[in-house]
Amino acid sequence: MEKDKKKKPIVLFVFLGTYTIFIVLSMIISYEPGKVIFDNFYLFIMDMFKLFPPAFILVGLFMVWIDRKVVEKYFGESSGLKGYISAILLACTTLYPFVVVLPMASGLYKKGAKLDIVLTYLGASAICRIPMSIFEATFLGFKFTAIRYIVSLPLIVFSSVIIGKLMKNKQLSFE
Amino acid sequence: MHNMTYLYSLAGVGLLISLIKDRHKSKKALITAVKIFVKMLPMLLGIVAAVSLLLYILPDYVIANYLGGEDSATGIALALVIGSISLLPGFITFPLSGLLLRQGVSYMVLAAFTTTLMMVGIITFPIERKYFGTKLTLLRNLAGFVIALIISLCIGFVYGEVF
């Protein structure tokens with residue numbers, strides 16, 4: 001993973017550099033396709049930048065005001081329906097990338113959490129993160145996000161229970 | 001565009017309440033916001049540059065027919081596959097989706113794309129397998145794929161993109 005992180009920016013900056021040179025050259029020699037492409041780029045970026053300030057302010061506020069410790073405290077003790085709900089709440093406040101969530105989830109399992117609940121946490125942490133949802137609602141609309149939550153959360157719980165049943169007789173070797 | 005007015009009011013009210021309750025925390029929130037923005041900016045510029053190129057190269061009918069709703073099955077299938085393979089952070093995914101929406105890509109195609117992006121990880125499969133074993137990882141990703149399809153259909157239904 002470390003390697004990936006170091007490799008990515010280089011490719012990105014080479015691409016951005018080439019793109020910039022292409023655009024600047026197009027401007028100088030009045031190359032029409034280059035101009036059209038830049039016009040698109042400019043329009044897209046300006047559109048996005050209008051929505052960024054409120055979106056980022058909301059994300060910043062969320063990160064400062066939500067105390068994950070409180071959420072975490074409730075997680076271990078709860079079971080049954082409450083277990084699923086707290087798994088989803090814990091997932092909503094996730095800030096880490098998937099590769100960090102994975103060891104956390106396996107840690108929860110090792111500590112004795114039910115597989116169904118661990119899977120619910122994992123699934124929900126992929127699609128129900130509040131900071132990400134703020135961005136989703138910003139760019140696709142509140143209605144879109146609301147429908148997605150309403151449809152996906154029950155499906156996540158449902159699929160977790162089914163997978164939990166399917167894995168029942170299998171010994172899991174978590175690392 | 002009333003979504004924007006909505007957002008600015010929400011952020012404004014949020015910030016105001018935060019300022020009243022704790023001035024120091026509010027400052028920290030704004031610094032956090034700027035930090036994330038700066039961190040994602042290069043990647044965002046790269047993606048937007050790539051899309052500006054792609055949209056120029058791609059003939060108009062591709063979006064109109066395959067991604068815009070005429071032939072939604074192809075569009076959704078394409079979005080599901082691309083979303084499953086790629087790896088993008090949420091802070092990039094949704095601005096990109098907003099851009100594609102403006103270009104005429106349908107809500108259901110975007111739902112398929114964003115949900116598989118979040119739930120199905122072919123690239124992260126080897127890492128996930130280390131923790132959960134092959135069978136569980138396979139089942140989990142398969143479930144994610146099916147859930148993405150269901151969400152896409154529901155979104156299409158609500159937005160009137162499918163009958």
Side-chain angles (χ1 to χ4, degrees), chain A residues 1 9 12-13 15-16 19 33 36-38 40-41 44-45 47-48 50-61 63-65 97-99 102-103 105-106 119 122-123 126-127 129 131-132 135-136 138-142 144 147-148 151-152 155-156 159 163 166-167 170 172-175, chain B residues 3-4 6-8 10-11 14-15 18 25 28-34 36-37 42-46 48-53 55-56 89-91 94-95 97-99 101-102 107 110-111 114-115 118-119 121 124 127-128 130-133 135-136 139-140 143-144 147 150-151 154-155 158:
Chain A
M1 213 49 213
L12 181 61
F13 284 115
F15 171 68
L16 275 176
Y19 184 83
V36 175
I37 289 167
F38 179 70
N40 278 337
F41 177 86
F44 297 159
I45 279 289
D47 251 8
M48 286 179 185
K50 276 181 211 153
L51 291 170
F52 278 147
F56 276 109
I57 286 174
L58 286 170
V59 170
L61 288 174
M63 288 186 170
V64 171
W65 283 102
F98 184 62
V99 284
L102 273 176
S106 97
L119 289 173
L122 215 57
I127 59 166
R129 300 165 179 227
M132 215 172 65
F135 264 69
E136 183 185 33
T138 301
F139 287 95
L140 294 175
F142 286 94
F144 186 92
I147 300 166
R148 208 181 51 75
V151 176
S152 62
L155 288 174
I156 293 263
S159 68
I163 294 175
L166 287 173
M167 299 300 292
K170 210 168 179 264
L172 286 175
S173 52
F174 286 91
E175 247 181 42
Chain B
N3 196 26
M4 200 153 100
Y6 220 56
L7 263 158
Y8 272 91
L10 200 64
L15 194 58
S18 174
K25 260 190 172 176
K28 221 172 112 189
L30 290 179
I31 292 170
T32 310
V34 172
I36 311 169
F37 174 69
M43 195 167 179
L44 181 82
L45 290 175
V48 175
V51 172
S52 73
L53 277 171
L55 286 178
Y56 183 80
F91 289 133
F94 294 110
S97 303
L99 193 168
L101 183 67
R102 285 285 188 95
Y107 280 102
L110 288 174
T114 56
T115 313
M118 295 184 280
M119 291 201 74
T124 49
I127 309 168
E128 192 180 339
K130 267 200 219 163
Y131 290 102
F132 290 100
K135 190 184 174 192
L136 186 52
L139 284 173
R140 235 182 58 76
I147 290 173
I150 298 172
I151 291 175
C154 291
I155 290 272
V158 173

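The figures here come from the full heavy-atom set of this structure, side chains too, leaving out hydrogens, waters and symmetry mates. Since we're looking at a predicted model, the values are computed, not measured.
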Region of [X] that comes under 4.5 Å of a non-hydrogen atom in chain B:
{"X": "A:Phe144", "value": "both"}
{"X": "A:Ser152", "value": "both"}
{"X": "A:Phe15", "value": "side chain"}
{"X": "A:Leu155", "value": "both"}
{"X": "A:Phe41", "value": "both"}

So which of [options] has the biggest tally of heavy-atom pairs under 4.5 Å with chain B?
{"options": "A:Leu102, A:Ile127, A:Ile147, A:Asn40", "answer": "A:Leu102"}
{"options": "A:Ile57, A:Ile37, A:Leu58", "answer": "A:Ile37"}
{"options": "A:Val151, A:Leu119, A:Leu140", "answer": "A:Leu140"}

Handout entry: Rounded distance [0.5 Å steps], OH in A:Tyr19 versus CG in B:Leu45
Key =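 Here the interatomic distance stands at 10.0 Å.
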
Handout entry: Distance (rounded to the nearest 0.5 Å) between B:Thr114 OG1 and A:Arg148 CZ
Key =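 One finds 6.5 Å between OG1 of B:Thr114 and CZ of A:Arg148.
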
Practice task
Specify whether A:Phe56 and B:Phe91 have parallel, tilted or perpendicular ring planes, treating 30° as the upper limit for parallel and 60° as the lower limit for perpendicular.
Solution key: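 Tilted, since the angle between the ring planes falls between 30° and 60°.
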
Problem - Close side-chain approach of A:Asp47 to B:Leu99, heavy-atom, < 4.5 Å - result: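 Counting from C-beta outward, A:Asp47 and B:Leu99 never come under 4.5 Å.
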
Handout entry: A:Ile156 and B:Met119, any side-chain heavy atoms less than 4.5 Å apart
Key =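 Answer yes - side chains close enough.
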
